Number of protein chains: 2
Amino acid sequence: MALDSYDRAILKALQRDGRITKAGLAERVNLTPSPVWERLKRLEASGVIAGYAARLSLKKLAPVTTVMVEVVLKQHRAADFERFESRIRATPEVIDCQATGGGIDYVMKVVVRDIDAYQRLMDDLLESGLQIERYYSYVVTKSVKDNAELPLDALLGGDTA
Amino acid sequence: MALDSYDRAILKALQRDGRITKAGLAERVNLTPSPVWERLKRLEASGVIAGYAARLSLKKLAPVTTVMVEVVLKQHRAADFERFESRIRATPEVIDCQATGGGIDYVMKVVVRDIDAYQRLMDDLLESGLQIERYYSYVVTKSVKDNAELPLDALLGGDTA
DNA sequence: GCTGAAAGCACCATGGG
DNA sequence: CCCATGGTGCTTTCAGC
């Protein structure tokens, strides 16, 4: 599974506009709809395109508070990680959670209505036997970039032609 | 601009599948395509639906390293923030950047090919007169949750009927 | 604001270069 | 691996309620 420049152009276009029509894509990448359709089928089947999603902006509707959270667990056995991650996956307010090395075990992005809701959520997590040793909260004051598109050119390099 | 339960059902469905057809949406929310189309037009025009994007998974194709980075600036004048944020917006490898209070100025998610590329990127930023006092790097070892859907129910509450 | 129908268009499959 | 064409179903509009 390798990407040529057509595939890369298709992925770029789909990151910007996930609902572009196949005909529109074809025009954008200088192909006819048929090969675009073939390539799309391949990209979706292989999992390179994992899916499509609407990008929502809720701050116009309701109060939204984002908090970046760093978590350190008390113990680092496989079962401790698994318990924590399982709970995080079941917590919809945590919309992003990356396990890391280097002093911090997890960096998470939490989206709640307000700070009260955040405190309740963290209290729940602390009382759930997750063995959280400590956590650091950084309330977001401004979103400079929010889940922007992946840097395909930098990641895939100038090759792959 | 308020959301009723139909709008919320539409948004939920579109977060899971951004390419669902209007007919499919209509069936999913128990309406006919016409009102769904009206509501979609309203949601898109109001900016609640900011756009649509393909969700990509590149790790099958090429090496991808994610690093969570915390940045502290030397000085905290408006011009210092603006200079930094402007540079970050122009740096495609930084796919997420939230300004925060509380000891750390920014929490970023950086996606690069490997650690070498990360070091080059950070060296560039350090040499760019951005007044970075210090930064902490946390290399991601496992993605527990990656930009999951927004918790509409928690954010909008049980009301809004 | 929803329903239903009708014209226009996108999707996807097939056949051919 | 790309292009061209056609049947099917979706999209969008517009009356009517």
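Keep in mind it's a predicted model, so treat the numbers as computed, not measured. Lettering of chains follows the sequences in order, A, B, ..., and the numbering in each one begins at 1.
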Which whole-number value in Å describes the distance from [X] [atom1] to [N] [atom2]?
X: A:Ile20; N: C:dC9; atom1: CD1; atom2: C1'; result: 16 Å
X: A:Ile10; N: D:dC2; atom1: CD1; atom2: P; result: 9 Å
X: B:Lys22; N: D:dT13; atom1: NZ; atom2: P; result: 10 Å
X: B:Glu27; N: C:dT3; atom1: CD; atom2: P; result: 14 Å

Review point. When you measure from every atom of DNA chain C, which of residues 30-53 of chain A have a heavy atom less than 4.0 Å away?
Key: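 Listed by number, they are A:Ser34, A:Trp37.
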Point to revise | Charged N-O contact under 4.0 Å between A:Asp153 and A:Lys12 | key: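 Salt bridge: yes.
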Point to revise | B:Arg87 and B:Glu93 ion-paired at < 4.0 Å | key: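 Salt bridge: no.
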Check your understanding: Given the rule in the salt bridge (Lys or Arg N to Asp or Glu O under 4.0 Å) test, do A:Asp80 and A:Arg83 qualify, once you have shown the distances and angles that lead to the verdict?
Key -> CA-CA 5 Å; A:Asp80 299 313; A:Arg83 190 190 311 111; 3.5 Å; yes
Check your understanding: With no hydrogens and no angle check, is any side-chain donor or acceptor of A:Asp96 less than 3.5 Å from a backbone partner on A:Lys109?
Key ->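 Not confirmed, A:Asp96 side chain does not pair with A:Lys109 backbone.
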Check your understanding: For the side chain of A:Ser46 and the backbone of A:Leu43, is there at least one donor-acceptor N/O pair under 3.5 Å apart?
Key ->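 Yes; judged by distance alone, with no hydrogens or angles, the pair exists.
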**Study point:** A:Tyr106 versus A:Glu85, side-chain donor and acceptor atoms under 3.5 Å
**Key:**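 Note: A:Glu85 and A:Tyr106 side chains meet the donor-acceptor criterion.
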